[in-house]
Amino acid sequence: MWAKEQFIIWVQSLAAKRNLSIMPITSKAELDGLHFRDGLILFHAEWSGYSYENMSAILTAMETHGPNGQAVAICWHDGFNPEEEIGTLGAICHGYAESVLLSDGRIVAHDYRKPDFEPFLQAIRGQP
């Protein structure tokens, strides 16, 4: 299990490799303080290979097809309790890089489980 500081350093190194505005988020209070209304919120679980794999595909879609200038908040799974996950995403996280795409503060697409993944990537790409 990562410590919070390790997570922050890892996300910062990831941000340096991508053409995206990526922020490490370690708690619900921190996310709420951003007043995040447009972009991607992704929950990463460092203990899950699926999280790394799905996150890579999601970030690539955001980088190549996503709306310009939208931020990406990568949340530290261990910094949120289940109620906070539900309040943020509408679902409990299970280590699959669960994510939501926001526009004007509303969830316009979500990725909670495997059947959601391709439609979620299509939503990021602006495809119906």
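Worth saying up front: this structure is predicted, and the values here are computed from it rather than measured.
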Provide the closest heavy-atom pair for [X] versus [Y] in the form atom of the first, atom of the second, distance.
X    : Y    : value
W47  : H94  : CH2-O, 3.7 Å
D111 : F117 : OD2-CD1, 3.3 Å
A57  : L121 : O-CD2, 3.9 Å
D38  : S103 : OD1-CA, 3.2 Å
E118 : R125 : OE1-NH1, 4.4 Å

Do the non-hydrogen side-chain atoms of [X] and [Y] ever get within less than 4.5 Å of each other?
X   : Y   : answer
P24 : W76 : no
I74 : M55 : yes
V72 : M62 : yes
I58 : L40 : yes

**Request:** Taking atom types as modelled, find out whether R18 and T60 have a side-chain donor-acceptor pair closer than 3.5 angstrom.
**Result:**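 Yes, a side-chain donor-acceptor pair sits under 3.5 Å.
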
**Prompt:** Ignoring hydrogens and geometry, is there a side-chain-to-backbone donor-acceptor pair from S51 to A45 under 3.5 Å?
**Reply:**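 Judged by distance alone, yes, a pair lies under 3.5 Å.
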
**D104 backbone acceptor or donor facing R37 side chain under 3.5 Å** =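 The answer is yes, because a donor-acceptor pair under 3.5 Å joins these two groups.
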
**Message:** Let me check something: do L20 and M23 share a hydrophobic cluster, defined by ILVMFWY side-chain heavy atoms less than 4.5 Å apart, either directly or through other members?
**Reply:**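 The answer is no; the residues belong to distinct hydrophobic clusters.
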
**Prompt:** Same cluster or not: are I124 and L14 linked, directly or through other Ile, Leu, Val, Met, Phe, Trp or Tyr residues, by side-chain heavy atoms under 4.5 angstrom apart?
**Reply:**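 As far as the 4.5 Å side-chain criterion goes, L14 and I124 are connected within one cluster.
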
At what distance, to the nearest 0.5 angstrom, does [atom1] of [X] lie from [atom2] of [Y]?
X   : Y    : atom1 : atom2 : value
S13 : I8   : OG    : CD1   : 12.0 Å
D32 : S27  : CG    : OG    : 8.0 Å
H44 : D78  : NE2   : CG    : 9.5 Å
I22 : N19  : CD1   : CG    : 9.5 Å
I41 : L101 : CD1   : CG    : 10.0 Å
C75 : E30  : SG    : CD    : 8.5 Å

**Asked** Taking everything shown except Y52 itself, do over 12 heavy atoms lie less than 6.0 Å from its OH?
**Response**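 Yes, enclosed.
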
**Whether Y112 and H110 hold their rings parallel, tilted or perpendicular, with breakpoints at 30° and 60°** =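 Ring orientation of Y112 relative to H110: parallel.
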
**Parallel, tilted or perpendicular: ring planes of Y96 versus Y50, cut at 30 and 60 degrees** =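 Rings of Y96 and Y50: tilted, 30 to 60°.
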
Please set out all donor-acceptor pairs under 3.5 angstrom arising from side-chain atoms of residues 81-88, sequence neighbours excluded.
{"unit_1": "N81", "atom_1": "OD1", "unit_2": "E83", "atom_2": "N", "d": "3.0"}
{"unit_1": "N81", "atom_1": "OD1", "unit_2": "E84", "atom_2": "N", "d": "2.8"}
{"unit_1": "E84", "atom_1": "OE1", "unit_2": "N81", "atom_2": "N", "d": "2.9"}
{"unit_1": "E85", "atom_1": "OE1", "unit_2": "C93", "atom_2": "N", "d": "2.8"}
{"unit_1": "T88", "atom_1": "OG1", "unit_2": "K28", "atom_2": "NZ", "d": "3.4"}
{"unit_1": "T88", "atom_1": "OG1", "unit_2": "E84", "atom_2": "O", "d": "2.9"}

**Asked** In this structure, which one of L89, I92, L42, D116 forms a side chain to side chain contact (heavy atoms under 4.5 Å, CB included) with E98?
**Response**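 So, applying the side chain to side chain contact (heavy atoms under 4.5 Å, CB included) to E98 and each of L89, I92, L42, D116, only L89 qualifies.
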
